[in-house]
Amino acid sequence: HIADDLSGSDSAEEIVATLNDAYFSKWGFTVDAEDTSGQNPENLFLHTVLDRKTGYCLSLSIPYLCLSERLNVPFYGVPAPGHFFVRYDDGNTTINIETTSNGAVVDDNCYVEKYQLAYPHPFYLKHLSKKNVLAIFLNNLGNLYNRAGHPLKAIHALEIAVNLIPDYPEAHTNLGSAYLENDYFDLALQHQRKAIALNPQMAGAYVNLGSALFANGSYEEAIAANRQALDIEPALANAHINMARIYYEIKEYHKARQALERAQRLKPHSADTSTLLGNIFRGLGQANEAIAAYHQAISLNAADTNPRV
């Protein structure tokens, strides 16, 4: 039926409108508004995305690309920092389509301004081959493995992603984080620095670099890396948390408390940060406040033994 509808389409705009109508209106594919960052595995894997008709930028774009290939229509996957969309390009007309916004059309300049991109970039906003789309999938899969506590599986997926796309900043920073989980400090630092070289505006890569430097005992450099992250994204809670951890480690307890207070204003305390707050209060000699913070940590995660110790 879609092929019949396309046969009467004379322009690029009509072709895009026909596919959008089928994909979003008739079939009902839509974004999972509660998981736009891809934390839920069901929003990545194709079979569950097709069953549920929900996903996020990458997983909603892949079926769209499969459909367009079946219909012999020139669509391509296109990456932006932490994002993915599809582009119609017949050699004369290009149209960017946001699969997380029911097929909304977005100009390249919007992405350049939003992500502060150096343009043209060797990777971002470029057409991807099928293998390169697979690399994006493997990057996201590696993240899922890392969050699930399987860093070796994460490394395997992310190494393939980096090999397929050497200029892929997100894959480098994620691979660096996976290496750090396995105590491969030199490799962790190498890939974080590569990610930053490829995208100097990636605040998260500076945070990850700071984590690797902290683990390696390079405290002043770790502080500097997190400050660079905050220069780019002042509301990045994880950078403030990392600063608190570093200051606690070097026994600058007042600075540690201030950093953690800034983080709390941006993001409610977890069990880990409540435990850190207790440790900071203990360093400051404020026993009652430390005990209260440890009780808060236990209430947030009763299975965590650290605050009990």
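All residue numbers refer to positions in the sequence shown, counting from 1.
Counting non-hydrogen atoms of other residues, nucleotides and ligands closer than 6.0 Å to CG of Asn72 gives a total of 12 or fewer. By the 6.0 Å contact criterion, NE2 on His156 is open, its count of non-hydrogen atoms from other residues, nucleotides or ligands being 12 or less.
Side-chain atoms of His121 come within 3.5 Å of backbone atoms of Leu198 as a donor-acceptor pair (strictly under, hydrogens ignored).
Ring orientation note: the planes of Tyr115 and Tyr111 are close to parallel, at an angle under 30° on the 30°/60° scale. Using the six-membered ring where Trp is involved, His150 and Tyr145 have ring planes that are perpendicular, over 60° apart on the 30 and 60° scheme. Classified by interplanar angle (parallel below 30°, tilted 30° to 60°, perpendicular above 60°), the ring pair Tyr179/His191 is tilted.
No side-chain donor from either of Tyr76 and Asp89 sits under 3.5 Å from a side-chain acceptor of the other. Using a 3.5 Å distance cut-off with no hydrogens or angles, the side chains of Asn43 and Asp32 do pair a donor with an acceptor.
With side-chain heavy atoms closer than 4.5 Å counting as contact, directly or through intermediates, the hydrophobic cluster containing Leu276 also holds Ile241, Tyr248, Tyr253, Leu260, Leu277, Ile280, Phe281, Leu284.
Proximity of the aromatic rings of Tyr88 and Phe75 is defined here by a centroid distance below 6.0 angstrom, and this criterion is met.
With respect to the salt-bridge test (charged N to carboxylate O, under 4.0 angstrom), the residues Asp108 and Arg87 qualify. Ion pairing of Arg257 with Glu261 is present here, as a side-chain N (NZ or NE/NH1/NH2) and a carboxylate O approach within less than 4.0 Å.
Contact check for Met202 versus Ile196: no side-chain heavy atoms found under the 4.5 Å cut-off. For the pair Val105/Asn96, no side-chain contact is recorded, criterion being any heavy-atom separation below 4.5 Å from C-beta on.
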For residues 211-221, tabulate all N or O donor-acceptor pairs below 3.5 Å that involve a side-chain atom, not counting sequence neighbours.
unit_1: Ser211; atom_1: OG; unit_2: Val207; atom_2: O; d: 3.3
unit_1: Ser211; atom_1: OG; unit_2: Asn242; atom_2: ND2; d: 3.1

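Interatomic distance, Arg245 CZ to Asn238 CG, rounded to the nearest 0.5 Å: 9.0 Å.
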Show the numbers, then the answer: is there a side-chain contact (heavy atoms from CB on, under 4.5 Å) between Arg227 and Met243? CA-CA 8 Å; Arg227 282 180 177 156; Met243 295 279 274; 3.7 Å; yes
Quick one, Asn174 with Asn146, criterion side-chain contact (heavy atoms from CB on, under 4.5 Å). Give me CA distance, side-chain angles, the key distance, then yes/no. CA-CA 9 Å; Asn174 293 331; Asn146 226 7; over 6 Å; no
